[in-house]
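One structure is given here, and the rest of the page talks about it.
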Amino acid sequence: QVQLVESGGGLVEPGGSLILSCAASGSIFRVYGMGWYRQAPGKQRELVANITRGGNTNYANSVKGRFTISRDNAKNTAYLRMNSLKPEDPAVYSCNAELSNHARPLVPATYWGQGTQVTVSS
């Protein structure tokens, strides 16, 4: 069984910073790509950033220069550092990961975490 658990969300003032973590655990053989998505009330879920196992990154235009995605392959963990948070950033932030487990090491599948709430308010 594999699960992704996010942490680090909360309330922050405009211009503030937060660091989100996403830890994959369970019978993991290998973690490939990892990503962060967000969904605000009444809006569709959107990609925030993703990162390959080798460290190549991709960002939504709305967060470029403010957010940084990184990962620790030894810990099967991805991070999202969010700086200069704006009133338009609040949402439930969810991570996903493409990974394979020991039962089927050559067949990766996509897993999602439950999400963590980020609120930006003064």
Side-chain angles (χ1 to χ4, degrees):
Q1 185 176 357
V2 173
Q3 63 176 352
L4 300 183
V5 178
E6 301 101 334
S7 61
L11 172 65
V12 64
E13 293 184 348
S17 299
L18 282 175
I19 300 176
L20 306 182
S21 299
C22 171
S25 63
S27 182
I28 296 170
F29 178 75
R30 175 164 291 187
V31 180
Y32 299 93
M34 300 186 77
W36 287 97
Y37 290 73
R38 67 185 180 185
Q39 186 169 22
K43 295 186 177 181
Q44 289 188 332
R45 184 169 61 191
E46 62 175 353
L47 171 69
V48 177
N50 55 24
I51 184 169
T52 66
R53 183 174 178 81
N56 293 322
T57 59
N58 176 54
Y59 295 92
N61 287 333
S62 59
V63 306
K64 282 182 180 177
R66 299 189 298 123
F67 292 10
T68 302
I69 188 171
S70 60
R71 64 188 288 171
D72 184 334
N73 289 335
K75 296 181 179 180
N76 292 329
T77 299
Y79 306 94
L80 185 69
R81 180 172 183 84
M82 305 184 293
N83 293 331
S84 302
L85 283 159
K86 299 179 178 180
E88 56 263 36
D89 291 321
V92 175
Y93 284 69
S94 302
C95 73
N96 80 347
E98 183 182 20
L99 60 87
S100 60
N101 59 35
H102 286 286
R104 305 182 74 183
L106 300 182
V107 184
T110 300
Y111 293 82
W112 287 89
Q114 292 186 325
T116 184
Q117 178 70 48
V118 172
T119 302
V120 180
S121 176
S122 55

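Basis for what follows: all heavy atoms, side chains included, without hydrogens, waters or symmetry-related copies.
- Counted by atom type alone, Arg38 and Tyr93 present one or more donor-acceptor pairs between their side chains at under 3.5 Å.
- Cluster annotation: Tyr37 is not connected to Val118 through the hydrophobic network of ILVMFWY side chains, with a link wherever side-chain heavy atoms come within less than 4.5 Å.
- Side chain of Thr77 to main chain of Ala23: no donor-acceptor pair is present (N/O by atom type, distance under 3.5 Å, no hydrogens or angles).
- Considering every non-hydrogen atom in both Ala49 and Tyr59, the closest pair reads CB-CD2, 3.5 Å.
- Annotation: the span from Ser21 atom OG to Arg81 atom CZ amounts to 11.5 Å, rounded to 0.5 Å.
- Ring geometry, His102 versus Phe29: the interplanar angle exceeds 60°, so the pair is classed perpendicular (tilted spans 30 to 60°).
- In this structure the side chain of Pro105 never reaches within 4.5 angstrom of the side chain of Arg30, judged on heavy atoms.
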Under the side-chain contact (heavy atoms from CB on, under 4.5 Å) rule, what do Val12 and Met82 come out as? Steps first, then yes or no, please.
CA-CA 11 Å; Val12 64; Met82 305 184 293; over 6 Å; no
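- In terms of heavy atoms, Asn73 sits closest to Arg53 at ND2-O, 3.1 Å.
- Across all their heavy atoms, Val120 and Pro90 have their closest contact at N-CG, 3.6 Å.
- Partners of Tyr79 according to the ring pair (Phe, Tyr, Trp, His ring centres under 6.0 Å) rule, which considers only residues two or more places apart in sequence or in another chain, do not exist here.
- The side-chain contact (heavy atoms from CB on, under 4.5 Å) with Phe67 is formed by just one residue from the set Asn83, Leu18, Val48; it is Val48.
- What you find for Ala97 and Leu4 is that their closest heavy atoms are N-CD1, 3.6 Å.
- Here the closest non-hydrogen pair linking Met34 and Asn76 is CE-O, 4.1 Å.
- Here Ser25 contributes atom OG and Lys75 contributes atom NZ; the two are 14.5 Å apart, rounded to the nearest 0.5 Å.
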Pair Leu11-Ser121, side-chain contact (heavy atoms from CB on, under 4.5 Å): steps then yes or no
CA-CA 7 Å; Leu11 172 65; Ser121 176; 3.9 Å; yes
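- Of the possible donor and acceptor atoms, none in the side chain of Glu13 sits under 3.5 Å from a partner among the backbone N and O of Ser122.
- Of the candidates Ile51, Thr52, Leu47, Leu47 is the only one forming a side-chain contact (heavy atoms from CB on, under 4.5 Å) with Asn58.
- Distance CG/Asn50 to SG/Cys95: 12.5 Å, rounded to 0.5 Å.
- In this structure, the separation between OH on Tyr111 and CG on Asn101 is 5.0 Å, given to the nearest 0.5 Å.
- Among all heavy-atom pairs drawn from Leu20 and Gly9, the shortest one is CD2-N, 3.5 Å.
- Side chain of Gln114 to backbone of Val5: no donor-acceptor contact under 3.5 angstrom is found.
- For the atom pair CG of Asn96 and SG of Cys22, the computed distance is 8.0 Å after rounding to the nearest 0.5 Å.
- Environment of CD in Gln1: sparse, with no more than 12 heavy atoms of neighbouring residues, nucleotides or ligands closer than 6.0 Å.
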